[in-house]
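Here's the structure we're looking at; comments come further down.
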Amino acid sequence: MTIAELHAEFDALRVDELRLRSSQKWSLVDPDVLPAWVAEMDYPLCPVARHVLRELVARSDFGYPVIDEHLKAFGDWVSREQRWQVDPALVSPVADVMAGLDAAVRRLTAPGDGVVVLTPAYPPFLEMLAHLGRPIRECQLVDTPDGWQIDFDAVADALAAGARAVLLCHPHNPTGRVWSPAELRSIAELADRHGAFVISDEVHAPLRSADFVPYAAVSASAASHAVTVTSVSKGWNVPGLKSAVLVCQEATKHILDTMSPHEKKHASVPGIAVATALWRDDGGWLTAVRSYLDRTRDRLRAWVDEHPQVRWHRGQAGYLAWLDIRELGPNPAEVLLREARVRVVPGTDFAPLGSAAGRGFVRFNHATSLPLLDEMLARLGSVLD
Ligand SMILES: Cc1ncc(COP(=O)(O)O)c(C=O)c1O
């Protein structure tokens with residue numbers, strides 16, 4: 001399919017069909033609610049993934065997977081797409097991104113060790129660290145006229161006070177920031193100075209709309225203490241297929257050595273097969289999604305510019321917008337659900353209890369058709385006007 005044909009398919013999404021999906025986004029809302037909450041995209045499945053899944057069924061092919069080709073396809077993809085050379089011997093499949101992050105945190109830190117998190121942060125980061133008994137060393141991003149910025153002094157203080165790792169989200173959920181090489185190098189220098197590790201979640205990178213440099217590729221210093229976890233789950237919208245990769249460096253390969261053999265076998269057969277094919281694909285579908293997401297971002301920008309009650313720094317990747325709507329009170333998500341019948345994620349979910357980060361904000365998912373986005377924005381506007 002051409003990009004124009006794919007865009008026409010995206011434009012033609014139908015609410016009645018979307019409501020038939022069994023996944024969370026559309027099935028956990030009332031029939032009059034439009035969902036812009038959980039990070040799922042509404043676009044029909046990439047034809048390559050559709051083909052692979054049909055072929056697996058046709059061949060009754062659900063035995064134990066062979067992973068060499070999978071790891072090679074990943075290495076070739078990051079080399080092509082991100083100019084990053086990875087050693088397949090230092091890569092392991094894992095069940096999903098959170099499983100990979102969990103494996104890394106468990107092995108690079110001990111219970112009681114602090115872990116730096118830039119807030120607002122993807123809520124499962126906070127839940128995972130609480131569950132593992134690693135105190136969260138919160139470093140709030142700073143809202144500047146140029147967009148969200150890292151408070152490097154806060155990161156330095158947290159590391160000086162004993163935090164053993166930084167859990168980075170690059171590109172960042174929920175702001176959509178792609179951290180620049182200079183910002184990544186600053187984190188690397190701080191981590192090096194304090195002997196800390198950096199665990200980088202790069203699952204949103206395929207949906208970049210700006211240059212993206214992986215954390216581990218930014219400098220020798222970064223590579224000396226990095227672990228990366230990524231997946232096709234966000235870029236191609238297949239988190240339910242359960243497959244991700246954990247990418248170590250020489251200095252962090254003991255993670256792989258100490259993982260139990262069965263932990264490396266939790267990725268699913270359909271997930272591995274689909275990811276292998278997507279990484280080998282020429283990128284046509286991804287190119288179409290990226291340019292469509294740029295359009296949805298433009299539409300959101302125009303709407304925000306017409307509504308001075310809303311503030312937003314446009315992101316450079318993904319499809320999540322971090323909207324400041326404090327004029328609706330401390331919990332605008334509640335007001336928008338009640339009065340606009342649009343479900344977004346409350347900003348307070350993105351920070352530890354008691355933190356000010358996220359108060360008055362919502363996370364808005366704009367990965368839908370332009371007509372549906374227009375309808376959602378009209379509903380939100382009716383509450384604000
Ligand atoms: C930053 C980030 N990491 C991880 C995940 C979850 O990935 P997975 O389903 O592969 O664990 C998400 C999902 O939205 C995410 O935004």
Side-chain angles (χ1 to χ4, degrees), residues 39 74 77-78 81-84 86 91 94 96-98 100-102 104-105 108 115-126 128-129 137-142 146-152 154-155 158-159 163 165-192 196-219 221-235 244-249 252 290 293 313-322 350 363:
F74 171 70
W77 189 76
V78 287
E81 166 75 16
Q82 302 177 349
R83 294 185 292 277
W84 181 29
V86 303
V91 184
V94 282
D96 54 28
V97 171
M98 289 311 300
L101 298 177
D102 184 294
V105 169
L108 299 178
V115 175
V116 172
V117 178
L118 307 179
T119 61
Y122 176 54
F125 282 14
L126 308 173
M128 173 186 71
L129 293 174
R137 301 297 177 223
E138 182 188 13
C139 295
Q140 293 185 18
L141 294 178
V142 185
D146 295 330
W148 292 100
Q149 304 291 340
I150 297 172
D151 181 347
F152 290 107
V155 176
L159 292 171
V166 178
L167 182 51
L168 193 66
C169 192
H170 172 50
H172 182 255
N173 172 359
T175 64
R177 269 299 316 270
V178 169
W179 306 117
S180 69
E183 289 170 310
L184 297 175
R185 275 193 290 271
S186 299
I187 292 184
E189 279 160 27
L190 290 174
D192 252 0
F197 293 100
V198 175
I199 303 165
S200 188
D201 173 341
E202 303 189 354
V203 69
H204 289 272
L207 297 177
R208 63 180 170 78
S209 76
D211 282 349
F212 171 87
V213 178
Y215 177 76
V218 82
S219 66
S221 146
S224 73
H225 56 236
V227 181
T228 310
V229 186
T230 191
S231 164
V232 295
S233 64
K234 292 292 113 181
V245 283
L246 172 69
V247 187
C248 294
Q249 303 291 320
T252 50
R290 283 178 186 152
L293 289 177
H313 297 298
R314 185 183 177 116
Q316 298 106 37
Y319 50 83
L320 304 168
W322 185 239
F350 294 78
R363 192 188 73 178

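FYI, the numbering just counts along the sequence from 1.
Looking at L141 and I150, their side chains come closer than 4.5 Å, going by heavy atoms from C-beta outward. Taking the side chain as every heavy atom from C-beta outward, R290 and R208 approach each other to under 4.5 Å. Side-chain contact between F152 and L190 is present, with heavy atoms from C-beta onward closer than 4.5 Å. At least one side-chain heavy atom of V155 sits under 4.5 Å from a side-chain heavy atom of L118. Residues W77 and P206 are in side-chain contact: their nearest non-hydrogen atoms beyond the backbone lie under 4.5 Å apart. Contact check for V203 versus V229: no side-chain heavy atoms found under the 4.5 Å cut-off. Looking at heavy atoms from C-beta onward, V94 lies out of side-chain contact with D102 at the 4.5 angstrom threshold. Between V97 and K234, every side-chain heavy-atom pair lies at or beyond the 4.5 Å cut-off.
Taken from CG in L129 to CG in L167, the straight-line distance is 6.0 Å, to the nearest 0.5 Å. With values rounded to the nearest 0.5 angstrom, W322 atom CH2 is found 9.0 Å from N173 atom CG. To the nearest 0.5 angstrom, R185 atom CZ is 13.5 Å from D192 atom CG. To the nearest 0.5 Å, the span separating CG on L159 from CZ on R137 amounts to 11.0 Å. Between atom SG of residue C248 and atom CG of residue L108 there is a gap of 8.0 Å, rounded to the nearest 0.5 Å. From L207, atom CG reaches atom CG of L293 across 6.0 Å, with rounding to the nearest 0.5 Å.
In terms of modelled atom types and a separation under 3.5 Å, the side chain of D211 and the main chain of V213 share no donor-acceptor contact. Side chain of Y319 to backbone of A39: a donor-acceptor contact under 3.5 angstrom is found. Without hydrogens or angle criteria, T252 side chain to A226 main chain gives a donor-acceptor distance under 3.5 Å.
Between A216 and Q249, the shortest heavy-atom distance links the atoms CB-NE2, 3.6 Å. Of all the heavy atoms in R314 and Q316, the pair that sits closest is O-NE2, 3.8 Å. For the pair F350 and L126, the tightest heavy-atom approach, listed with the atom from each and the gap, is C-CD1, 3.7 Å. The two atoms that bring Q82 and A205 nearest to each other are NE2-CB, 3.7 Å, heavy atoms only. Taking each heavy atom of A244 and S231 in turn, the nearest pair found is CB-CB, 3.7 Å. Across V105 and M128, no two heavy atoms sit closer than the pair CG2-CE, 3.9 Å.
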Output, in order, the C-alpha distance, side-chain angles, deciding distance and verdict of side chain to side chain contact (heavy atoms under 4.5 Å, CB included) for T230 and F74.
CA-CA 10 Å; T230 191; F74 171 70; 3.6 Å; yes
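H172 has its ring centre less than 6.0 Å from the ring centre of W179.
Of the N and O atoms on the side chains of T228 and E202, not one donor lies less than 3.5 Å from an acceptor on the other residue.
F212 and H170 have parallel rings, their planes meeting at less than 30° on a 0 to 90° scale where 60° marks the start of perpendicular.
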